[in-house]
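Heads up: the structure comes next, in structure tokens.
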Amino acid sequence: MPGDHERGSKKGKFCGVAGTPCDCGNDYVKNSDLGAWSGAAFQRLVRAASGHFSFAKQFEAHHILCVAPVSSEIVSSPGLDGVIRETTWCINAKSNMYAMPLWGHTVKHYCTIIASGGSILAVAVPPPFANIPQHDYDHNCAGGYTHEVEQKLKSIEKQIQEAGHSITPQNIAGTLNAHSNSFKGLLQARGARNGGTHAGWNLGMQSPTSRWYVPFSMASDGCLTEKGYPVRKFDARVAQWIDRIAKALAT
């Protein structure tokens with residue numbers, strides 16, 4: 001199955017296709033770039049039929065209003081066909097992009113990585129991506145971030161249909177931009193929960209059974225999933241990142 005960034009739909013002036021660049025000329029990766037992250041990259045291992053290789057993963061380019069729900073709830077809605085075709089909006093615009101870390105970035109910052117595994121470091125300095133949730137934590141799970149975006153877009157679709165001919169393409173573009181900004185604010189607020197991600201990591205060192213993981217999740221308080229702290233027991237996802245980074249460094 002293709003990933004979120006490989007999907008999308010375009011209809012008239014409305015662009016919901018992730019592109020590097022898309023037909024609008026927007027490159028979603030470049031529109032997410034944070035130069036300060038250059039030293040925070042981790043070596044990501046790719047297993048392919050032709051052989052294994054690794055590359056420096058700088059960050060994850062996150063569409064704030066995600067590709068899949070924009071396609072299913074806005075572009076593909078029969079009731080919105082005419083007005084969406086006349087709406088100038090691009091999913092890859094800078095205003096809808098947010099550079100986010102993966103667990104691999106956090107593992108690299110806080111753990112020593114060697115070919116045989118790793119251990120936790122007592123790191124006093126927060127990473128450059130502090131207080132931003134992990135892009136691979138509660139993104140597409142049941143009740144996770146994508147589900148929230150989908151529900152919001154469903155409500156927008158209903159509002160547009162109820163407004164009928166009184167709604168304009170400019171209204172729709174403005175509404176989408178406003179909700180994109182709102183969801184970015186939500187992610188920033190979630191990354192700052194309980195004092196933020198750096199405080200959360202340090203809390204986990206002191207109390208591994210605490211809710212140290214809360215600011216790392218993209219989900220709301222009631223929908224986030226628990227994680228085991230690596231000091232006592234490596235959570236499966238964190239252990240996987242340790243293994244992948246170690247193998248990438250060895251290639």
Side-chain angles (χ1 to χ4, degrees), residues 1-46 48 53-72 74-75 84 87-109 126-137 139-140 145-146 149 153 169-170 172-191 197 216 218 241 244-245 248:
M1 180 180 293
D4 180 63
H5 293 154
E6 297 171 331
R7 295 180 289 176
S9 304
K10 180 175 173 62
K11 183 175 285 186
K13 298 177 181 179
F14 192 99
C15 177
V17 179
T20 54
C22 60
D23 291 345
C24 307
N26 285 316
D27 184 319
Y28 74 83
V29 176
K30 291 181 179 178
N31 281 345
S32 307
D33 191 11
L34 290 181
W37 284 30
S38 59
F42 70 94
Q43 289 300 119
R44 189 168 197 176
L45 179 67
V46 177
F53 65 93
S54 63
F55 69 97
K57 180 68 174 178
Q58 299 287 349
F59 59 86
E60 190 66 32
H62 171 62
H63 288 92
I64 300 171
L65 295 185
C66 313
V67 174
V70 167
S71 293
S72 64
I74 302 298
V75 183
I84 287 300
T87 298
T88 301
W89 190 82
C90 180
I91 201 165
N92 307 305
K94 194 174 184 68
S95 59
N96 191 53
M97 298 307 307
Y98 190 31
M100 299 184 72
L102 296 162
W103 272 113
H105 292 99
T106 295
V107 167
K108 185 206 171 189
H109 184 79
F129 48 83
N131 299 344
I132 302 176
Q134 314 287 284
H135 187 263
D136 47 356
Y137 184 6
H139 190 327
N140 296 313
Y145 178 83
T146 301
V149 173
L153 294 181
Q170 291 75 21
I172 294 173
T175 296
L176 291 174
N177 288 335
H179 285 294
S180 177
N181 186 61
S182 176
F183 271 105
K184 183 176 182 179
L186 270 180
L187 287 173
Q188 291 172 331
R190 288 171 184 176
T197 56
F216 291 93
M218 292 180 70
W241 276 119
R244 290 177 66 181
I245 295 173

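- Ring geometry, Trp103 versus Tyr137: the interplanar angle falls from 30° to 60°, so the pair is classed tilted.
- No donor-acceptor pair closer than 3.5 Å links the side chain of His135 to the backbone N or O of Met218.
- Looking at residues two or more places apart in sequence or on another chain, you find a side chain to side chain donor-acceptor pair (under 3.5 Å) between Asn177 and Trp89.
- Residues that satisfy the side-chain contact (heavy atoms from CB on, under 4.5 Å) test with Ser182, not counting sequence neighbours, are absent from this structure.
- The two residues Asp27 and Val29 have their closest heavy-atom pair at OD1-N, 2.9 Å.
- The two atoms that bring Ala130 and Pro126 nearest to each other are CB-CB, 3.9 Å, heavy atoms only.
- Applying the salt bridge (charged side-chain N to carboxylate O under 4.0 Å, His left out) criterion to Lys11, with sequence neighbours excluded, gives Asp81.
- Minimum heavy-atom separation, Ser9 to Ser71: N-OG, 3.3 Å.
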Inset, instruction - Walk me through it: do Tyr145 and Leu187 pass the test side chain to side chain contact (heavy atoms under 4.5 Å, CB included)? - result: CA-CA 9 Å; Tyr145 178 83; Leu187 287 173; 3.7 Å; yes
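- The two residues Gln58 and Ala41 have their closest heavy-atom pair at OE1-CB, 3.7 Å.
- Note: Leu176 CG to Thr87 OG1 = 8.0 Å, rounded to the nearest 0.5 Å.
- Val149 has its side chain within reach of Phe183: a pair of non-hydrogen atoms, C-beta onward, lies under 4.5 Å apart.
- Across all non-hydrogen atoms, the minimal contact from Thr20 to Tyr28 is CG2-CE2, 3.6 Å.
- Listed by chain and residue number, Cys66, Pro69, His139, Asn140 satisfy the side-chain contact (heavy atoms from CB on, under 4.5 Å) test with Thr146 (two or more places apart in sequence, or in another chain).
- Heavy atoms only, all atoms of each residue included: Gly104 and Phe42 are closest at C-CD2, 3.5 Å.
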Would you tabulate the side-chain donor-acceptor contacts of residues 92-101 under 3.5 Å, counting partners in other chains and residues two or more places apart, or write 'none'?
from  : atom 1 : to     : atom 2 : distance (Å)
Asn92 : OD1    : His63  : NE2    : 2.8
Asn92 : ND2    : Val17  : O      : 2.8
Asn96 : OD1    : Leu65  : N      : 2.9
Asn96 : OD1    : Ser180 : OG     : 2.8
Asn96 : ND2    : Leu65  : O      : 3.4
Asn96 : ND2    : Ile91  : O      : 2.9

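- One distance of note links CD1 of Ile172 with OG1 of Thr88; it measures 11.0 Å at 0.5 Å rounding.
- Considering only residues two or more places apart in sequence or on other chains, Lys57 meets the salt bridge (charged side-chain N to carboxylate O under 4.0 Å, His left out) condition with Glu60.
- Lys13 pairs by the salt bridge (charged side-chain N to carboxylate O under 4.0 Å, His left out) definition with Glu86, not counting sequence neighbours.
- Under the 4.5 Å side-chain criterion, counting only non-hydrogen atoms from C-beta, Thr197 is not in contact with Ile132.
- Residues satisfying the side chain to side chain donor-acceptor pair (under 3.5 Å) test with Thr106, not counting sequence neighbours, are Gln134.
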